[in-house]
Amino acid sequence: MQQQQNQGMQNQQGVMQQPPNVLSGKDELYLTDMLTWNLLAAKKAHFYAQHCQIEAMRAEAEQVGQMHQRHYEKILGHLNAHQNQNAQQYMQQ
């Protein structure tokens, strides 16, 4: 029991309070996947909305598509802000 408590204390000391300013290759691949998933979901929802004959379902599909488009744009905005921040830091060096 005492050993488990000690391990728990050790794990808490290694927790980062803030993420690093560096994106790893794995991070970039995951973000690319997230962008792809959201863009595809937005396109599919828009397609379904165009072909839906029930007005309530059409409206829901459009809302879903807009939500995924907002998520796509938000992720892209974060990436662009990160890229601009890194470019400014590079120029200052």
Supply the members, apart from I54, of the Ile/Leu/Val/Met/Phe/Trp/Tyr cluster built from side-chain contacts under 4.5 Å; use none for a lone residue.
->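 Answer for I54: M57.
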Rest of the hydrophobic cluster containing M67 (Ile/Leu/Val/Met/Phe/Trp/Tyr, side-chain heavy atoms under 4.5 Å)?
->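 None; M67 is a cluster of one.
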Go through the structure and list residues passing side chain to side chain contact (heavy atoms under 4.5 Å, CB included) with N80, not counting sequence neighbours.
->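 N80: side chain to side chain contact (heavy atoms under 4.5 Å, CB included) contacts with L76, Q83.
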Pairwise distance CG(L35) to CG(L40) - rounded to 0.5 angstrom |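 If we round to the nearest 0.5 Å, L35:CG and L40:CG are 12.5 Å apart.
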Sort and list the pairs that fulfil side chain to side chain donor-acceptor pair (under 3.5 Å) and have at least one residue in residues 56-73, not counting sequence neighbours.
->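 Counting only pairs at least two positions apart or across chains, the side chain to side chain donor-acceptor pair (under 3.5 Å) contacts touching residues 56-73 are N38-H68, H46-E62, E55-R58, Q69-E73.
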Of all residues at least two apart in sequence or in a different chain, which pass the ring pair (Phe, Tyr, Trp, His ring centres under 6.0 Å) check with Y30?
-> W37
Same hydrophobic cluster for V64 and L39, using side-chain heavy-atom links shorter than 4.5 Å among ILVMFWY?
->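 Each belongs to a different hydrophobic cluster.
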Identify the heavy atoms of A49 and A61 that sit nearest to each other, and give their distance.
-> CB-CB, 3.7 Å
How close do G65 and A42 get, heavy atom to heavy atom, and via which atoms?
-> O-CB, 3.6 Å
Which residue pairs satisfy the salt bridge (Lys or Arg N to Asp or Glu O under 4.0 Å) criterion with at least one member in residues 27-48, sequence neighbours excluded?
-> none
